[in-house]
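Here is the structure we will look at, set down as structure tokens.
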Amino acid sequence: MSEKQDKTKQMESAFDASTEESLYKLWEESGFFTPENVEKYLKENGNEIKKPFTITLPPPNANGQLHLGHTCGYSFQDAMGRFNRMMGHPTLLLPGKDHASIQTEAVFSRILEEQGENKWDLGRDEFYKRCYEFCMSAAKNAQEQEKRIGLSADWSRDFFTLDPRLNEIINETFFEMFKDGLIYRGKYIINQCPHCRTALADIDTERKEMPGIFAYIVYPFTDEKDNDLAEKKLGQRGIMIATTRPETMLADTAVAVNPDDDRYKEFVGKKVMLPVANREIPIIADEAVDIENGTGALKVTPAHSPIDFDIGLTHNLDVINVIDENGHMTGEIPERFKGMETIECSKALVKELEEMGLLNKIERIKHEVTVCERCQTPIEPIVSYQWFVDVKPLAEKALEAIRTGKTIVIPDGQQSALIHFFENIKPWCISRQLWWGQRIPVWYSGGKKLYDWLQDNPESTIEDWEEETGDKAKGSGKIIASLDKPENDPEWKGSSMDLWLEEESDIFDTWFSSGQWPFSTLGGREGEDFKKYYPTQVMETARDILFWWVARMMMLGIYKTGETPFARVFLHGLILAADGSKMSKSRNNGVAPAEVFKKYGADALRLWYFTDSLPGSNTLLQEEKIKGNRFFINKIWNASRFILLNLEESEIPALRSRLEAIDNGWKNGDLSASEILMKTKEHTEKIIEYMDQLRFHLAAESIREFFWKYFCDICIEDTKNEIKGKEIGSDERIESLAILLYVLKQNLKIMHPLIPYITEAVWQELTKAGLAEGFIMVQQIG
RNA sequence: GGGCGAUUAGCUCAGCUGGCUAGAGCAUCUCGUUUACACCGAGAGGGUCGUAGGUUCGAGUCCUUCAUCGCCCACCA
């Protein structure tokens, strides 16, 4: 009697989710998150060692809190890891954090501003140092959450993407690609934020509706005969264009019309005189021009409009830059406009055109403009030199990997999308004019300005440059790409005292480094870990970074190692708010994982992910469902509790030997004596199959169904009276209890990958009672 | 404009290679139980699987049309 009371005291009638944290500590202390320790354990226990199972876990951005999307990914990754560990594979889940250059720089800059500081005052080095500290602290917080969801990652191999060990490998890749001619420096149009004084990737911009103007301006032909013809055909002496940005006309280098536009056909090839600037520019034909839009004649400004830039490339037009990084007018323009802000210049130009009689009309319109995501300032497209990767040959190899099944994407609709992406891939701009990130390992002999001038003037020599600038060259004007800071430039003929090697100030696009994550974290091609754990088995990540990240990892992985970095790509959907909207700070509809852990426990949350977050589809947060899972977790606890409370201490030796006998039968396939055991075996095999196929929702549904509806409602209920009615220690009791115990243990094992906490908690209770050993996390299934 | 996907019970969604008398969770209703668990048990109601065609002995499942919705990419002079 007293014994029973003690047990009841030990096992409360509801599983307390707050004990999850102490269970995690037990695992950490066990050392089994490290694959070598598991391998050793398996060997010592006479188990067969299978080949390693590896996931290099997607590193979340180290600049904020984790959200339910992160914990979703981790749940799947951990389930795969735990399952494979229990199937005899030394398992490495390698964790880390991403420096997320542009996003973090924006977030941290905002924090600085709130404190009344800014990055320019701090300077590059101090900014970097402070930002590093900020990331380390954010990363630490994030790691707490990662542990809380139960992630069985090897923390001894934790990496930050700006770790010097990784930087070295990233630089090496750059260097090799540079030597292979896959990397080049080219002129390209970028989004410049005049406020933040930085280039922005497309992804860092938004569209916003703003009021604006639509100015109709006439460009007269240089030849009066053409003007006569135009007057007759078009109603004015010249060709009329329509623009929202008159100030950019100073940088026009052509007027384009659609080749099928009958109004303008005979003017193609003629020349017009660009008003105010007084430059002759040609009329060209390009299919990109929309006949319906405006007047059907498009002023082409390659330096300040993305579409015009492309047209310029096709037609080999000059690129004239008239706007600087701060949004002021500059370059070869009439003196009176220099230094003006673009709006100011626009007004001044409109006035002059009106006086010249070349302004037809101005419409007031509302239109969408591209703005900086961070400060909402309209961006200025400007042209500058950037670093590019010629990804076409890399994409072809990645395509081959998909076509030959070396990498498969789940769901397969996303695989089609990825194929389409690879087939239509464009050069990848990998440089950013930011501070937070890894500097591109390149030095300019004689300075960057000299190099770029020589690029702009391919016919010219260093001497020409010296003449034009009046400066003495301090280098060969060549690029030196090198793993370390170079001492010298072999091509420099001058004195070494005069040599100036200017380091590239641009940093790498974040994806260039995170794209190497699967092998950089394993020590690169020469690393011990690489030899053992590469290529990895699975890449599990969110669907929305398929092109940004997964595609890059495949290309860079194949380039660097000759092998595709992962056999399977598993994409989980986005976690959305209950009404289907995105969770965001501005909507204030986000739910923090910590809240959910507290209310329902990590297991309940995990089970919800497995059941509801299917690959390729979005998932709406439904607390009711998580709550339902909590009931199931508690059911497991109570079923276990029932069995433990109903056996007597004196029966344990007999139970142990009976359990061992059943286990032998299980292994030999001799289970004919018990329908329950046979069904459990079938069930186990089914779950193994589901887990192998990454069909988590079926596995989750199945374990619930089997445990609750079969094991609890039928098996336990049916034997209840038998157990209670028979004499303590009798064969009937021992047999019934042993079967229940065996089936319970087997169920705990197959459920463990999905719901690790409750299963380990019960396992530890069994261990205390002398009916189990060690940790469930390294027990072998089957 | 290009690409990918979705449309099945009140809600959120399963249903792999065609065999379903169409399932689950939650919600609803009825009854029961308070010495494993009310975070329980037994049971019930609820769907012509978006539309129109086609292939087939057989279609929620394959093909085509249309409609509606979502996501990604490009672009908007």
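In this text, all values refer to a predicted model and were calculated from it rather than measured experimentally. Note on naming: letters A, B, ... go to the chains in the order of the sequence lines (proteins, then strands), and numbering restarts at 1 for each one.
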Exercise for the section: Ignoring backbone atoms, establish whether A:K720 has a side-chain N or O less than 4.0 Å from OP1 or OP2 of B:rC37. Expected result: no
Handout entry: Donor-acceptor pair present, A:K635 side chain and B:rC37 base, under 3.5 Å
Key = yes
Fill in the blank from the handout: pair_partner(B:rG32), Watson-Crick or wobble, both distances < 3.5 Å, evaluates to B:rC40
Exercise for the section: Could you work out the separation of B:rG60 and B:rC4 based on their P atoms and round it to a whole Å? Expected result: 26 Å
Problem - B:rG45 pairs with, by Watson-Crick or G-U criteria that keep both distances under 3.5 Å - result: none
Exercise for the section: Would you mind classifying the nucleic acid contact of A:F421 as base, sugar-phosphate or nothing, using non-hydrogen atoms under 4.0 angstrom? Expected result: nothing
Handout entry: A:K720 NZ/CZ over A:F642 ring centroid, <6.0 Å and within 45° of normal
Key = yes
Handout entry: First of A:Q414 and A:K426 reached from the 5' end of RNA chain B, by closest nucleotide
Key = A:Q414
Practice task
Go through B:rG2, B:rU12, B:rA77 for me and flag the one nearest to the A:H420 side chain.
Solution key: B:rG2
Practice task
Scan every strand shown for a Watson-Crick or G-U wobble partner of B:rC4, both distances under 3.5 Å, and answer none if you come up empty.
Solution key: B:rG70
Exercise for the section: For the side chain of A:S416, starting at C-beta, report the closest nucleotide among B:rC4, B:rU12, B:rA77. Expected result: B:rC4
Handout entry: A:E287 atom CD, neighbour heavy-atom count above 12 within 6.0 Å
Key = no
Practice task
Round to a whole Å and report the spacing from NE2 of A:H367 to P of B:rA77.
Solution key: 7 Å
Handout entry: Nearest-angstrom distance from the residue atom CZ of A:F642 to P of B:rA36
Key = 6 Å
Practice task
Quote, to the nearest angstrom, the C1' distance that separates B:rA52 from B:rC66.
Solution key: 7 Å
Handout entry: Pair of N/O donor and acceptor under 3.5 Å linking B:rA42 base with A:E717 side chain
Key = no
Practice task
List the steps, then state whether side-chain contact (heavy atoms from CB on, under 4.5 Å) holds for A:I217 with A:M240.
Solution key: CA-CA 5 Å; A:I217 303 166; A:M240 184 157 70; 5.9 Å; no
Exercise for the section: Evaluate the side-chain contact (heavy atoms from CB on, under 4.5 Å) criterion for residues A:I102 and A:T510: first the C-alpha distance (whole Å), next the side-chain angles of each, then the deciding distance (0.1 Å), finally the verdict. Expected result: CA-CA 8 Å; A:I102 185 145; A:T510 289; 5.6 Å; no
Completion exercise
Which of B:rA14, B:rC37, B:rG25 is nearest the side chain of A:L614? It is B:rA14
Problem - Pair assignment for B:rU56, Watson-Crick or G-U wobble, requiring both distances under 3.5 Å - result: none
Practice task
Could you tell me whether A:K299 contacts a base, only the sugar-phosphate backbone, or nothing, with contacts defined as non-hydrogen atoms closer than 4.0 Å?
Solution key: nothing
Fill in the blank from the handout: Partner of B:rU51 under the Watson-Crick or G-U wobble criteria, both distances under 3.5 Å, comes out as none
Exercise for the section: Indicate, with a heavy-atom threshold strictly under 4.0 Å, whether A:R543 touches base, sugar-phosphate, or nothing. Expected result: sugar-phosphate
Practice task
Select base, sugar-phosphate, or nothing to describe what A:E368 touches, counting heavy atoms under 4.0 Å on all strands.
Solution key: base
Handout entry: Which nucleotide in B:rC40, B:rA77, B:rC16 has an atom nearest any side-chain atom of A:N293
Key = B:rA77
Problem - B:rG19 and B:rU56, which share atom name C1', separated by this distance in whole Å - result: 12 Å
Practice task
Report the distance from atom CD1 of A:I723 to atom C1' of B:rA36, rounded to the nearest whole Å.
Solution key: 11 Å
Handout entry: Short side-chain N/O contact from A:H697 to OP1 or OP2 of B:rC16, under 4.0 Å
Key = no
Problem - Side-chain donor-acceptor pair present, A:T619, A:Y609, cut-off under 3.5 Å - result: no
Problem - P-based separation of B:rG23 from B:rU30 [nearest Å] - result: 25 Å
Practice task
Tell me, yes or no, whether the heavy-atom count around A:K598 atom NZ, taken from other residues, nucleotides or ligands under 6.0 Å, exceeds 12.
Solution key: no
Handout entry: Whole-Å P distance, B:rG70 and B:rC13
Key = 14 Å
Problem - Whole-Å distance separating the CD atom of A:E623 from the C1' atom of B:rC39 - result: 15 Å
Exercise for the section: Give the intermediate values and the outcome of ring-ring contact (aromatic ring centres under 6.0 Å, His included) for residues A:F597 and A:Y757. Expected result: CA-CA 12 Å; A:F597 294 147; A:Y757 287 115; 8.7 Å; no
Handout entry: Pairing partner of B:rG18 (Watson-Crick or G-U wobble, both distances under 3.5 Å)
Key = none
Practice task
With the side chain of A:C712 defined as its heavy atoms from C-beta on, choose the nearest nucleotide among B:rA14, B:rA77, B:rA36.
Solution key: B:rA36
Handout entry: Closest to side chain of A:K724, choosing from B:rC76, B:rA36, B:rC39
Key = B:rA36
Exercise for the section: Once you apply the 3.5 Å cut-off to both distances, tell me the Watson-Crick or G-U wobble partner of B:rA9, or none. Expected result: none
Problem - B:rG53 and B:rC71, which share atom name C1', separated by this distance in whole Å - result: 29 Å
Problem - Of A:A578 and A:R630, the one whose closest RNA chain B nucleotide lies more 5' - result: A:A578
Practice task
May I ask you to say what A:V300 touches in the nucleic acid, namely base, sugar-phosphate or nothing, with a heavy-atom cut-off under 4.0 Å?
Solution key: nothing
Problem - Short N-O contact, A:E689 and A:K686, less than 4.0 angstrom - result: no
Practice task
State whether the distance check finds a donor on one side and an acceptor on the other, under 3.5 Å, for side chain A:R641 versus base B:rC37.
Solution key: no
Practice task
Using a 4.0 Å heavy-atom cut-off across all strands, classify A:G413 as base, sugar-phosphate, or nothing.
Solution key: sugar-phosphate
Fill in the blank from the handout: Between CD of A:Q415 and P of B:rG3 the distance, given in whole Å, is 18 Å
Problem - Sugar-phosphate, base or nothing in reach of A:L298, heavy atoms under 4.0 Å - result: base
Fill in the blank from the handout: In whole angstroms, the gap separating C1' of B:rC76 from CD1 of A:I379 amounts to 13 Å
Practice task
Find the distance A:W548:CH2 to B:rC73:P and express it as a whole number of Å.
Solution key: 6 Å
Practice task
Please measure how far the P atom in B:rU28 lies from the corresponding atom in B:rC37, and state the result in whole Å.
Solution key: 24 Å
Problem - Rounded interatomic separation in angstrom, taking CH2 from A:W608 and P from B:rC11 - result: 19 Å
Exercise for the section: Determine the interatomic distance between P on B:rG5 and the same-named atom on B:rA9; round to the nearest Å. Expected result: 23 Å
Exercise for the section: Scan A:D713 against the nucleic acid and name what it touches under 4.0 Å (heavy atoms): base, sugar-phosphate only, or nothing. Expected result: sugar-phosphate
Exercise for the section: Pick base, sugar-phosphate or nothing for A:F632, based on heavy-atom distances below 4.0 Å to the nucleic acid. Expected result: nothing
Problem - Matching residue for A:E380 among A:R245, A:Q192, A:H304 - test: side chain to side chain donor-acceptor pair (under 3.5 Å) - result: A:R245
